[in-house]
Amino acid sequence: MSEDVGGDRLRRWRLVLGGAADESLGKAEGHDGAMDAAMAALYDTGTADERPAKRSAGLGSSAPKVARWLGDIREYFPSTVVQVMQADAIERLDLTRLLLEPEMLAAVEPDVHLVGTLLSLNRVMPDATREAARQVVRTVVEELERRIAQQTRAAVTGALNRAARISRPRHADIDWDRTIRANLKHYLAEHRTVIPERLIGYGRRSSAVQRDVVLCVDQSGSMAASVVFSGVFAAVLASMRSLRTSLVVFDTAVVDLTDQLADPVEVLFGTQLGGGTDINRALAYSQQLITRPRDSIFVLISDLYEGGVREEMLRRVAEMTAAGVQVVVLLALSDEGAPAYDHENAAALAALGVPAFTCTPDMFPGLMAAAIERRDLRAFAEKAAEA
């Protein structure tokens with residue numbers, strides 16, 4: 001091992017261990033010292049059993065001090081690390097109250113976690129802060145749209161075109177590749193040819209609505225990231241003429257945000273994160289929106305902790321599937337991994353042929369394509385579990 005490599009390793013260990021390693025590894029100085037101070041303010045909290053109030057270093061409750069710290073971490077760390085540290089600071093040091101101050105919002109690094117926190121404060125946010133908060137949310141929404149819009153439109157459009165294949169096409173509309181593959185069993189070896197008993201044609205382009213999509217999103221506090229991604233996806237889907245998209249959010253009450261889908265920022269500020277959960281009531285409302293069951297996709301995004309009538313909730317899902325609705329249940333739509341969820345309700349839904357699973361935003365376009373083509377979503381759920 002070279003001296004440079006060994007020195008860099010010791011330096012990294014010193015930053016990981018903090019001030020407790022001063023005696024054995026030396027005091028961090030210069031740039032490293034500034035990084036060490038920024039991390040100490042957040043993570044030097046004494047023993048695991050102690051409350052943050054007993055930390056040996058900290059940010060206190062001073063807005064200027066926190067704002068400087070937020071500026072420091074943006075200077076010393078990459079944006080992905082900054083987002084983690086911000087989220088930890090909000091949780092560990094109870095900085096939520098300070099986010100109601102406009103100067104604080106100007107200092108933070110916008111991300112999905114921060115948007116969820118701001119939405120949870122929506123009801124108590126003063127007017128002076130609201131515009132700054134709206135700008136933070138808009139920045140994140142625009143970034144998410146750039147990430148997901150093109151892939152979503154491409155996947156959905158391709159699935160709709162494939163689903164529109166016709167069985168008695170005109171000669172110019174025959175999809176010869178799919179026709180040959182569908183008729184390989186009719187291959188005549190002596191003539192070295194395939195007899196196309198079933199023709200498959202390209203679906204004609206149509207401006208008519210081909211599918212109805214209802215997104216029904218649990219807005220209880222644990223679903224914050226899912227609410228953010230769902231709102232953005234709903235706005236992207238609503239921009240496609242071939243889909244009729246509805247967005248319903250719920251806790252113990254149900255709110256229809258469909259008329260706001262032209263602006264996903266308005267959609268997100270129309271949510272009210274927190275509160276209980278009544279999935280059955282949300283399903284009852286959503287059923288009224290479904291007028292063409294065979295051409296409808298219903299997506300429930302919830303951790304399945306039901307505060308309403310469980311038996312009625314399961315009965316409504318069974319009714320929708322029996323009527324021909326393609327029902328999708330997601331335990332989360334986020335990058336945060338599998339959440340805590342009601343395993344008993346998930347098992348009951350699986351018994352109805354409706355698997356419940358976690359989906360990342362990058363996988364969601366493919367999921368929508370699979371639902372449009374009425375593919376077996378159990379296979380998709382297994383693939384999602386392995387990802």
Side-chain angles (χ1 to χ4, degrees), residues 87 90-91 96 99 111-125 130 133-134 136-138 140-141 144 213-238 245-261 263-289 298-310 313 316-317 327-342 345-346 349 356 358-361 364:
I90 291 169
E91 179 180 350
T96 302
L99 290 177
D111 69 337
V112 170
H113 183 277
L114 179 63
V115 169
T117 301
L118 292 176
L119 296 180
S120 70
L121 298 171
N122 192 12
R123 283 172 284 191
V124 298
M125 190 176 293
R130 192 171 299 277
R134 190 178 293 275
V136 170
V137 173
R138 187 169 298 281
V140 174
V141 164
L144 291 180
V213 178
V214 179
L215 295 176
C216 186
V217 186
D218 183 345
Q219 60 177 356
S220 57
S222 60
M223 301 295 293
S226 295
V227 169
V228 175
F229 281 111
S230 298
V232 177
F233 271 115
V236 172
L237 295 174
T245 303
S246 301
L247 175 63
V248 175
V249 297
F250 67 94
D251 41 39
T252 54
V254 179
V255 179
D256 192 329
L257 297 176
T258 303
D259 62 351
Q260 298 180 36
L261 285 176
D263 186 349
V265 175
E266 290 300 321
V267 167
L268 294 179
F269 273 94
T271 63
Q272 298 286 349
L273 286 173
T277 309
D278 192 337
I279 303 173
N280 177 55
R281 175 175 290 186
L283 294 184
Y285 179 85
S286 299
Q287 280 184 295
Q288 302 173 38
L289 304 177
F298 175 74
V299 184
L300 173 64
I301 303 174
S302 172
D303 55 18
L304 300 180
Y305 288 111
E306 172 65 308
V309 184
R310 175 180 185 268
M313 181 263 289
R316 292 185 190 281
V317 172
V327 178
V328 181
V329 176
L330 300 182
L331 302 170
L333 176 55
S334 74
D335 289 314
E336 298 179 350
Y341 65 94
D342 190 308
N345 282 337
L349 289 170
T358 300
C359 182
T360 66
F364 188 74

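Both backbone and side-chain heavy atoms feed into the values below; hydrogens, waters and symmetry mates do not.
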Minimum heavy-atom distance G116-A224, with the two atoms named: CA-CB, 4.0 Å

About how many Å separate OG of S222 and CD of E336, when rounded to the nearest 0.5 Å? 10.5 Å

Heavy-atom side-chain contact between R281 and T252 under 4.5 Å: no

Side chain of T258, backbone of L247: donor and acceptor closer than 3.5 Å? yes

Hey, could you give me the CD/OG distance between Q219 and S120, rounded to the nearest 0.5 Å? 11.5 Å

List the steps, then state whether side chain to side chain contact (heavy atoms under 4.5 Å, CB included) holds for L304 with L349. CA-CA 10 Å; L304 300 180; L349 289 170; 3.8 Å; yes

Tightest non-hydrogen contact, residues A332 and S226, listed as CA-OG, 3.5 Å

Qualifying ring-ring contact (aromatic ring centres under 6.0 Å, His included) pairs with a residue from residues 267-287, counting only residues at least two apart or across chains: none

Could R134 and E266 be called an ion pair, given the rule that one side-chain N must be under 4.0 Å from one carboxylate O? yes

I want to check something: taking the side chain as every heavy atom from C-beta on, are V299 and L333 in contact at a cut-off of under 4.5 Å? no

Is P339 close to T358 at the side-chain level, that is, under 4.5 Å between some pair of heavy atoms? yes

Quick one: CG on L215 to CG on L257, what's the gap to the nearest 0.5 Å? 11.0 Å

What pair of heavy atoms forms the shortest contact from A284 to R316, and how long is it? CB-CZ, 3.5 Å

Looking at every heavy atom in both V217 and S230, which two are closest together, and how far apart are they? CG2-CB, 3.7 Å

Quick one: does any side-chain atom of Y341 pair with a main-chain N or O of Y305 as donor and acceptor, under 3.5 Å? no

Give the C-alpha distance, both sets of side-chain angles, the deciding distance and a yes or no for side chain to side chain contact (heavy atoms under 4.5 Å, CB included) between F229 and I301. CA-CA 11 Å; F229 281 111; I301 303 174; over 6 Å; no

To the nearest 0.5 angstrom, please state how far the OG1 atom of T277 sits from the CG atom of D218. 4.5 Å

By side-chain hydrogen bond (donor to acceptor under 3.5 Å, both in side chains) - contacts of S286 (at least two apart): none

Minimum heavy-atom distance between N280 and E306, given as atom pair plus value: N-OE2, 2.8 Å

For the residue pair L268 and V227, what are the closest heavy atoms and their distance? CD2-O, 3.6 Å

May I ask you to test the L273-N122 pair for a side-chain heavy-atom distance under 4.5 Å? no

Within the distance-only criterion (no hydrogens, no angle test), does the side chain of T271 pair as donor or acceptor with the backbone N or O of V267 below 3.5 angstrom? no

Sole candidate of D278, I279, V255 that passes side chain to side chain contact (heavy atoms under 4.5 Å, CB included) when paired with F250: I279

Do L114 and V140 come within less than 4.5 Å of each other through their side chains, counting heavy atoms only? no

Test item: V115 and V112 side chains (from C-beta on) under 4.5 Å apart, heavy atoms: no

Contact between L289 and F298 at the side-chain level, heavy atoms closer than 4.5 Å - yes or no? no

